[in-house]
Amino acid sequence: TMALCLKQVFNKDKTFRPRKKFEPGTQRFELYKKAQASLKSGLDLKAVVQLPPGESINDWIAVHVVDFFNRINLIYGTMSEFCTERSCPIMSGGLKYEYRWQDDSKYKKPTKLSAPQYMCMLMDWIEMLINNEDIFPTRIGVPFPKQFQQVCTKILTRLFRVFVHVYIHHFDSIINMGAEAHVNTCYKHFYYFIREFSLIDHRELEPLVRMPPGWGT
C-alpha cells in the first residue's frame, strides 16, 4: 500500500515541520477521513477531489490545504539534504523561473532567497496561517473569513512552487530514493484538486507543463 511505501521511502524524522492534525470528532476530521478513504480506495484522482454532496466547499478546501501542507512538507523534508545553499542558491524552477519571497513582516518587497531559505520561510508562513483561528477556524459554527479562498490560493500557489523546484532540480534524487511513484501521485492529486476548484492561476502552472517525465495525464 501507499502507506507502507511511504514508511520505507520517507523517514518520519525528516518531516520539515510537525504535522498539523485534525481534531477527532470534528466535521473537518470526518471530511479528512472521507477524503483519505477515497484516496486509498484507488478511485480515479479526478473523482477523489470532487466535493462530496452536501459538504461545505470551504471545509473541503481547508482539509486539503492542511493535508497537502503535510504531504509536501514530508516530500521536501526528505529532499532537503540535496537542496542546499550551495546547490540551490536561488529558489528557481529551471533557468526561466525564479521565485522571490515576500510576506507582510520581514520581507515587504519580493526578495531573492536560496531555495532552502525560501522553503523555510514558506513552511513557517503556512503553519502560521493554518494555526490562525481567524483564518482556519476549527470550532463548530465559526464561519470562514471572506478572504479564505484567496488565502488558500496563495498557500497552494506557493506549495506548487515546491513541486516545481523538486521536479526540475532534484528529480534524480527522487528516482534514486525510489520516491518517484509517491511524489507523482501526490503531485497528480494536488494538480487535479487545484484544477477542480480553479485555485491557481494557470500561468503559475507553466513550469511543469511538460513535466514531470513519465507523469502522463
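Values in this document were obtained by computation on a predicted structure and should not be read as measured data.
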Non-hydrogen atoms of [X] and [Y] that approach each other most closely:
{"X": "E204", "Y": "R161", "result": "OE2-NH2, 2.9 Å"}
{"X": "H165", "Y": "S92", "result": "ND1-O, 2.9 Å"}
{"X": "I135", "Y": "V151", "result": "CG2-CG1, 4.0 Å"}
{"X": "C88", "Y": "P116", "result": "O-CD, 3.7 Å"}
{"X": "I200", "Y": "L205", "result": "CG2-CD2, 4.1 Å"}
{"X": "P137", "Y": "V142", "result": "CB-CG1, 3.5 Å"}

What I'd like to find out is whether the side chain of [X] reaches to under 4.5 Å of the side chain of [Y], using heavy atoms alone.
{"X": "R100", "Y": "Y107", "value": "no"}
{"X": "M119", "Y": "S80", "value": "no"}
{"X": "Y167", "Y": "V183", "value": "yes"}
{"X": "C152", "Y": "F144", "value": "no"}
{"X": "Q117", "Y": "M91", "value": "no"}
{"X": "Y192", "Y": "V48", "value": "no"}

Should the pair K46-E196 be classified as a salt bridge under the 4.0 Å nitrogen-to-oxygen rule? no

Please determine whether residues Y99 and I90 belong to a single hydrophobic cluster, defined as Ile, Leu, Val, Met, Phe, Trp and Tyr linked transitively by side-chain heavy-atom distances below 4.5 Å. no

If you measure from [atom1] on [X] to [atom2] on [Y], what distance do you get to the nearest 0.5 Å?
{"X": "T138", "Y": "N132", "atom1": "OG1", "atom2": "CG", "value": "10.5 Å"}
{"X": "Y187", "Y": "E180", "atom1": "OH", "atom2": "CD", "value": "14.0 Å"}
{"X": "F69", "Y": "L156", "atom1": "CZ", "atom2": "CG", "value": "12.5 Å"}
{"X": "F160", "Y": "Y191", "atom1": "CZ", "atom2": "OH", "value": "8.0 Å"}
{"X": "F136", "Y": "N58", "atom1": "CZ", "atom2": "CG", "value": "9.5 Å"}
{"X": "I168", "Y": "F163", "atom1": "CD1", "atom2": "CZ", "value": "13.0 Å"}

Using the side-chain contact (heavy atoms from CB on, under 4.5 Å) rule, take Q149 and I57 through it: C-alpha gap first, then chi angles, then the decisive distance, then the call. CA-CA 10 Å; Q149 288 190 23; I57 175 90; 4.0 Å; yes

Got a sec, which residues hit salt bridge (Lys or Arg N to Asp or Glu O under 4.0 Å) with R195, two or more places apart in sequence or on another chain? none

Can you list the residues that meet the salt bridge (Lys or Arg N to Asp or Glu O under 4.0 Å) rule with R203, with sequence neighbours excluded? D201

Can you name the one residue among L122, V166, L159 that meets side-chain contact (heavy atoms from CB on, under 4.5 Å) with Y76? V166

Does W60 use its side chain to pair, donor to acceptor, with the backbone of V49 at less than 3.5 Å? yes

Look only at the side chain of N131 and the backbone of E127, and say whether a donor-acceptor pair between them is shorter than 3.5 Å. yes

Pair F193-H64, ring-ring contact (aromatic ring centres under 6.0 Å, His included): steps then yes or no: CA-CA 8 Å; F193 185 78; H64 282 79; 4.3 Å; yes

Before you tell me yes or no, could you show the steps for M121 and W101 under side-chain contact (heavy atoms from CB on, under 4.5 Å), namely the whole-Å CA-CA distance, both residues' side-chain angles and the distance that decides it to 0.1 Å? CA-CA 8 Å; M121 298 301 297; W101 181 257; 3.7 Å; yes

Kindly indicate, with the supporting measurements, whether the criterion ring-ring contact (aromatic ring centres under 6.0 Å, His included) is fulfilled by H189 and F68. CA-CA 9 Å; H189 185 201; F68 287 134; 5.0 Å; yes

